[in-house]
Chemist: 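Have a look at this one before I ask anything.
These numbers come from the heavy atoms of this one structure, side chains and all, not from hydrogens, waters or symmetry mates. Remember, predicted model here, so these are calculated numbers, not experimental data. One-based numbering along the sequence shown.
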Amino acid sequence: MSGDGAMQQIGWDDFTKVELRVGRVLSAEPFPQARKPAYILQVDFGPEVGVRKSSAQVTVHYRPEELVGRLVVGVVNFPAKQIGPLMSECLVTGFHDADGHVALCVPDRDVPLGTKLL
């Protein structure tokens with residue numbers, strides 16, 4: 001984003017096309033083949049979407065065992081993307097901290113798996 005404060009506007013219909021859903025991390029394993037340090041996550045997005053795989057560059061703030069059982073927010077309607085030997089099936093969302101490391105975007109309450117972000 002440029003520093004002039006100009007931000008591209010989108011319509012409500014554009015926003016509703018993005019399927020941002022809540023999922024629970026079922027497993028988190030090191031991904032040594034990734035170019036940048038990452039984990040391979042298996043995330044359960046509930047009965048409508050199912051379990052999806054993702055590569056997540058969250059190795060600075062999280063250990064694999066800390067991720068298992070956590071709720072995350074993921075985009076589930078991107079096309080699958082090949083990342084090295086992994087076919088990534090969703091994008092787990094997060095924010096860069098002041099040092100450029102990713103902190104996960106998470107709901108602050110327990111909500112049903114698959115719930116769509118409003």
Side-chain angles (χ1 to χ4, degrees):
M1 187 167 129
S2 64
D4 64 6
M7 187 180 306
Q8 181 181 1
Q9 299 287 303
I10 64 170
W12 180 253
D13 289 343
D14 294 318
F15 176 71
T16 60
K17 290 177 187 172
V18 182
E19 291 285 330
L20 284 154
R21 303 281 185 122
V22 171
R24 187 175 307 280
V25 178
L26 299 178
S27 68
E29 303 292 333
F31 187 11
Q33 302 93 333
R35 283 192 296 244
K36 294 182 180 178
Y39 299 131
I40 296 173
L41 304 182
Q42 296 267 352
V43 182
D44 182 359
F45 288 99
E48 185 182 341
V49 176
V51 176
R52 302 278 180 99
K53 291 181 289 193
S54 184
S55 171
Q57 295 174 2
V58 295
T59 59
V60 170
H61 291 303
Y62 309 96
R63 294 187 315 274
E65 60 273 16
E66 294 175 313
L67 292 168
V68 174
R70 289 186 70 123
L71 293 179
V72 294
V73 176
V75 179
V76 298
N77 65 331
F78 279 137
K81 179 180 180 181
Q82 192 75 43
I83 301 175
L86 174 73
M87 185 60 75
S88 181
E89 302 166 322
C90 66
L91 172 70
V92 174
T93 61
F95 302 95
H96 286 116
D97 68 12
D99 297 318
H101 305 297
V102 178
L104 290 170
C105 176
V106 299
D108 71 351
R109 298 284 188 274
D110 199 19
V111 296
L113 300 183
T115 300
K116 188 172 178 183
L117 183 105
L118 304 173

Chemist: Would you call E89-K81 a salt bridge at under 4.0 Å N-O?
Modeler: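 So E89 does not pair with K81 through a salt bridge.
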Chemist: Taking D110 first and then R24, would you say they form a salt bridge - that is, a charged N and a carboxylate O separated by under 4.0 Å?
Modeler: yes
Chemist: Under a 4.5 Å side-chain heavy-atom rule over Ile, Leu, Val, Met, Phe, Trp and Tyr, are V102 and V22 clustered together?
Modeler: no
Chemist: Do the side chain of D97 and the main chain of D99 share a donor and acceptor less than 3.5 angstrom apart?
Modeler: yes
Chemist: Short question: side chain of N77, backbone of E19 - any donor-acceptor pair under 3.5 Å?
Modeler: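 Pair found, side chain donor or acceptor close to backbone of E19.
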Chemist: Can you name the nearest heavy-atom pair linking Y62 to R70, along with the distance?
Modeler: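 Heavy atoms only, the tightest pair is CE2-NH1, 3.8 Å.
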Chemist: Looking at V25, L26, V72, V43, which hits side chain to side chain contact (heavy atoms under 4.5 Å, CB included) with L67?
Modeler: V25
Chemist: Report yes or no: do F78 and V73 belong to one cluster of Ile/Leu/Val/Met/Phe/Trp/Tyr joined by side chain heavy-atom distances under 4.5 Å?
Modeler: yes
Chemist: Treat each ILVMFWY residue as a node, draw an edge where side-chain heavy atoms are under 4.5 Å apart, and state whether V51 and L113 are in one component.
Modeler: no
Chemist: Same cluster or not: L104 versus Y39, using hydrophobic residues (I, L, V, M, F, W, Y) connected whenever any side-chain heavy atoms lie under 4.5 Å apart?
Modeler: yes
Chemist: For residues K116 and L20, determine if any side-chain heavy atom of one lies less than 4.5 Å from a side-chain heavy atom of the other.
Modeler: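 No - every pair of side-chain heavy atoms lies 4.5 Å or more apart.
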Chemist: Is a donor on one side and an acceptor on the other found under 3.5 Å between the side chain of S88 and the backbone of C90?
Modeler: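 Yes, S88 side chain to C90 backbone: donor-acceptor pair under 3.5 Å.
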Chemist: Keeping R52 on the side-chain end and V76 on the backbone end, is there a donor-acceptor pair under 3.5 Å?
Modeler: yes
Chemist: Determine whether C105 and F95 make a side-chain contact, defined as any pair of heavy atoms from C-beta on separated by less than 4.5 Å.
Modeler: yes
Chemist: Answer whether the closest heavy-atom distance between the side chains of I40 and F31 falls below 4.5 Å.
Modeler: yes
Chemist: Just do the side chain to side chain contact (heavy atoms under 4.5 Å, CB included) check on K53 and L41 with the steps written out, would you?
Modeler: CA-CA 6 Å; K53 291 181 289 193; L41 304 182; over 6 Å; no
